[in-house]
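In what follows, a structure is listed as C-alpha cells, so that the remarks can point back to it.
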Amino acid sequence: MNRLAIWMSLLFLVACGSSGGGGTPDVGADVTIDVPADVPADGMPDTGQDTAPDTATDTAPDTGVDAPPDLPAEVPAVDPCGNKTCDPGETCWNCPADCECRCGDGVCTHGEACLNCPSDCDCTTLGATPPMGWNSWNKFACDISDALAKETADAMVSTGLKDAGYRFLNLDDCWQVARDAQGEIVPDATRFANGMKSLGDYVHEKGLGFGVYTCAGSMTCQERPGSLDYEAQDMLTYASWGVDYIKVDWCFAADLNAKTQYGKFRDGIAASGRDMVLSLCNWGVQEPWIWGAGAGQLWRTTGDISDGYFSMLLNLEQTEPHAAYAGPGHWNDPDMLEIGNGGMTEDQYRSHMSLWAILSAPLIAGNDLRTMDATTKELLTNPEVIAVDQDALGLQGVRVQIGDDYTPDVWTKPLAHPGWRAVVVFNKGEENFTFDLASLDLGLAAGETGVRDLWARTDLGTLGKTFPVDLVANGARMFRIAGTEKSPAAGQSYVSDNTWIYMAGSRGPVERDRSNGGTPARDGKALSIRNKVFSKGIGAYAGSIVIVPIGGRCTAFQADVGVDDDAAGAGTISFEVWADGTRLFDSGVMSGTDQSKPVTVDLSGKMLLKLVTTAGADSESGDYADWADARITCR
C-alpha cells in the first residue's frame, strides 16, 4: 500500500461530525488510459466495444429476448451550419463553427451567468449556479461581531471578490444567545449592538447577500439556542432582517429525521415570503443527496473540513460518488474553502480550488479577507477557474482516472459550449512527475483541439500525439480543451453504441447493453424488465446521468424504461429525458412490480441529450434502472 493510501485509510476511520460551525465519461474506444491493476474499474471510462463474446448478453436465452428492430438509414439533410456565416437562428450553441458566443444571443453559454448576462441566463431558479460567498467559521469561530462583518463586507467589495461572483456574507455560529418570552431568537447585544436588521441593511448596501446560521437541534454546535420547534418562527424573523442565506447545522439532532426537519425550514421560508438559500449542513447523515433537492439548494456530503491537505482529500473522496445528484438549484457541498488560512501550501490550496471548481461545489471563502495576500486573492478570484465552477450546464465533474503516488487523478466535465471540456490533472502524491494530456479520450471528433491553461490564463497550443504537462507534488493543473463534438450516425442507432461525453453513476459506471450489477464495470447481466429480456440498452442504478451529443441532427429518442429484474420486485426509480436544459419526459416513480413504460421524445433542434435516473424513495436500495432499447433517430 502506498503512503497516500495509508493516510487515506486512516482518515476514513474517523467518524464524520461537526466540530463547531459546522461515473465517469464513456467516450468511445479511440484512446484508453492505463490504470494500475489494483484500481477499481468503476473509476475508468468504458469504451463500449466488446473484443470477445460477452456472457452477459451473447449467451442470453433465445426465448423471450426482444430482438433489435431493423435500423433504417436516412439520407443526411443539407446543414447550413458551416458556411462561415452566423445566420439568423444560429448561435455558438447550435453552430459553434460559424458563431461566437456573446451575451444577448439568447443562450447561456460558458462564462455567462445571471451575474454577468441576465438576458440569457437563469435568474429565477434559486441557486441556479453553486452559491459563492464568505463564512466566518473557518477563521474566526465564535469571535465574530458587527464590526468584523462590516469590515468583511467592505473587503469583499474592495478586493474584487464581489465582482468575481462572491455574493453572500454569512455569519456562522455564536451570533445568538437566548430566546425571549415570545420565543424570538435574541442576538448577542454586546457583539451586535445595532441588531441584525441594521447589519443586513449594511451588507445589502454593498450589493451583497446576508446569511445567518442556526441548527436543526435544540442547541447549536456551540450550545447556543437552536431552531427545534421554532423553525417557522425563526424563518419569519430572518426574513424581517433581510436574510438571504441560511445554514442549518445538525448538532443535538441525532434522533431526528433529517428530511422531515429540513422540510420544516423549507416550509417556513416559503411562508415568510422571502427567497432564502437553504444550506443543509447535516454532514451527509441520512443521505441528503437523495432527497435534499426537495428541501434546499445545497447539502453537505461530508463532515467539517479543516485547514489541512488530507482533510481536503477526504471531503473530495466523500463527494465524488454523488455527482449524479448535483445540478442547477441543488448542489453537493464538500464544505467551505480553507484557502488563505495557512495550513496548506500554495500548491495544495491551488489543488483545493481546482477540485472544488471541477466539482461545481459551492465556493464559500473562509479566510480573513481584510488581510489576505496577493496569492490568496489570485487563487480565490481567477475568473476562468470560477467560470468552470459556475458553468451553465451545471454538471459536477467526474473522475476518469484514479491516480497513485506516481500517476494523477484526472477529472473532467463538459462545458456549456459545444466541444469544450474542463480538465483537472491532480498529483495527490508526494513525487513530481509528467503526464501526457494527449492520452485522454474526451469524446471529441478528430481535428484541431486547443489547450488553455486556466491558472496561467494562457493558450498552450493544440494537442498532438503527445502533450506532456509537469505536475508538482500535491499540485493540480487545470485546462480547458476546445475541439469539435462528434456527430451521431444518420438513421436510427442505439444510445449504447454512440459517444457519451458525460456519465455519472451512484454505484459504479452506467453500463452499455447490460444491467448495472455492482460497483465494478461490466459486471451486470442482460437487461430484463418483468421477465422480458433486451439485448440493447443502458443499465443504471439510482442516481445516474448520461449525456450524448446530438448536434441538432436528431429528431427522436425512444426507449422502454423500467426497474430491472435484478431488483427482485423491489426498487423505486424515476426516469427523465432532458435536452439543452429542458425536461422533455418524466416517468414519475416506477417500482419493481411495474411493466416497462414506452418513451418517445422529440429532439428536433437539440444539441445535447441527457438521460437521468433518480432514486424514487429515501434510499437507493434495489434501484436498478433500465433504458431498454434506447435509441435515437438522426439525419
Side-chain angles (χ1 to χ4, degrees), residues 23-24 26 40-43 46 48 54-61 64-66 287 289-291 321-325 398 494-496 500 502-548 557-578 585-599 610-631:
T24 59
D26 189 27
D42 61 297
D46 175 8
D54 186 333
T55 58
T57 55
D58 295 349
T59 60
V65 173
D66 185 51
E287 300 178 312
W289 42 88
I290 296 177
W291 48 264
H322 311 306
Y325 289 105
V398 290
Y494 291 103
V495 174
S496 58
W500 299 357
Y502 181 86
M503 183 268 282
S506 60
R507 189 171 78 168
V510 180
E511 299 282 12
R512 298 175 186 255
D513 302 331
R514 68 190 67 224
S515 65
N516 177 261
T519 299
R522 308 191 69 77
D523 66 341
K525 304 174 183 176
L527 299 163
S528 175
I529 305 173
R530 298 303 303 272
N531 298 317
K532 184 176 182 179
V533 180
F534 300 84
S535 61
K536 301 292 288 184
I538 300 170
Y541 189 88
S544 75
I545 299 175
V546 168
I547 296 181
V548 181
F557 167 80
Q558 294 170 281
D560 289 285
V561 299
V563 179
D564 192 273
D565 290 336
D566 281 351
T572 52
I573 286 286
S574 64
F575 297 80
E576 299 177 8
V577 180
W578 293 70
F585 169 81
D586 185 348
S587 70
V589 176
M590 299 183 67
S591 74
T593 59
D594 292 336
Q595 297 292 336
S596 63
K597 182 177 292 187
V599 182
K610 181 166 77 168
L611 305 179
V612 178
T613 64
T614 58
D618 294 344
S619 77
E620 297 180 339
S621 178
D623 290 349
Y624 295 89
D626 288 352
W627 299 88
D629 278 347
R631 56 204 184 274

> Are any side-chain N or O atoms of D564 and backbone N or O atoms of S528, one a donor and one an acceptor, separated by less than 3.5 Å?
Replying inline: yes

> Is there a donor-acceptor pair under 3.5 Å between the side chain of N516 and the backbone N or O of P509?
Replying inline: yes

>> As an exercise, state the distance from OH of Y494 to OG of S535, rounded to the nearest 0.5 Å.
In response: 6.5 Å

> Would you find a donor on one side and an acceptor on the other, under 3.5 Å apart, between the side chain of Y541 and the backbone of G622?
Replying inline: yes

>> On a heavy-atom basis, which atom in A615 and which in E620 lie closest, and how many Å separate them?
In response: CB-CG, 4.3 Å

>> On a heavy-atom basis, which atom in S544 and which in T613 lie closest, and how many Å separate them?
In response: OG-OG1, 2.6 Å

>> Show the nearest heavy-atom pair for residues A542 and S506, with the distance to one decimal.
In response: CB-OG, 3.5 Å

> Under 3.5 Å, is there a donor-acceptor pair between the side chain of R507 and the main chain of G517?
Replying inline: yes

>> How long is the straight-line distance from CD of E511 back to OH of Y624, given to the nearest 0.5 Å?
In response: 11.5 Å

> S515 pairs by side chain to side chain contact (heavy atoms under 4.5 Å, CB included) with which of D565, I529, D566, D523?
Replying inline: D566

> Of the non-hydrogen atoms in G616 and D623, which two are nearest, and what is the gap between them?
Replying inline: N-OD2, 4.3 Å

>> As a quick check of understanding, evaluate side chain to side chain contact (heavy atoms under 4.5 Å, CB included) for F585 and K597, giving each step before the final call.
In response: CA-CA 12 Å; F585 169 81; K597 182 177 292 187; 4.2 Å; yes

>> Between I573 and T614, does the side chain to side chain contact (heavy atoms under 4.5 Å, CB included) criterion hold? Intermediate values first, please.
In response: CA-CA 6 Å; I573 286 286; T614 58; over 6 Å; no

> So, does R530 use its side chain to make a donor-acceptor pair with the main chain of T593 at under 3.5 Å?
Replying inline: yes

>> How long is the straight-line distance from CZ of F534 back to CG of D560, given to the nearest 0.5 Å?
In response: 5.0 Å

>> Has E576 got a side-chain atom pairing as donor or acceptor with D586's backbone, closer than 3.5 angstrom?
In response: no

> Taking all non-hydrogen atoms of both residues, which atom of Y502 and which atom of A323 are closest, and how far apart?
Replying inline: OH-CB, 3.8 Å

>> Determine whether F557 and V577 satisfy the following criterion, side chain to side chain contact (heavy atoms under 4.5 Å, CB included), listing intermediate values before the conclusion.
In response: CA-CA 9 Å; F557 167 80; V577 180; 3.9 Å; yes

>> For M590 versus V561, what's the shortest heavy-atom pair and its separation?
In response: CE-O, 3.5 Å

> Any sub-3.5 Å donor-acceptor pair from D513's side-chain atoms to K536's backbone N or O?
Replying inline: no

> Which of parallel (below 30°), tilted (30 to 60°) and perpendicular (above 60°) describes H322 and W289?
Replying inline: parallel

>> I need the single residue from L611, I545, I538 that forms a side chain to side chain contact (heavy atoms under 4.5 Å, CB included) with V510. Which is it?
In response: I538

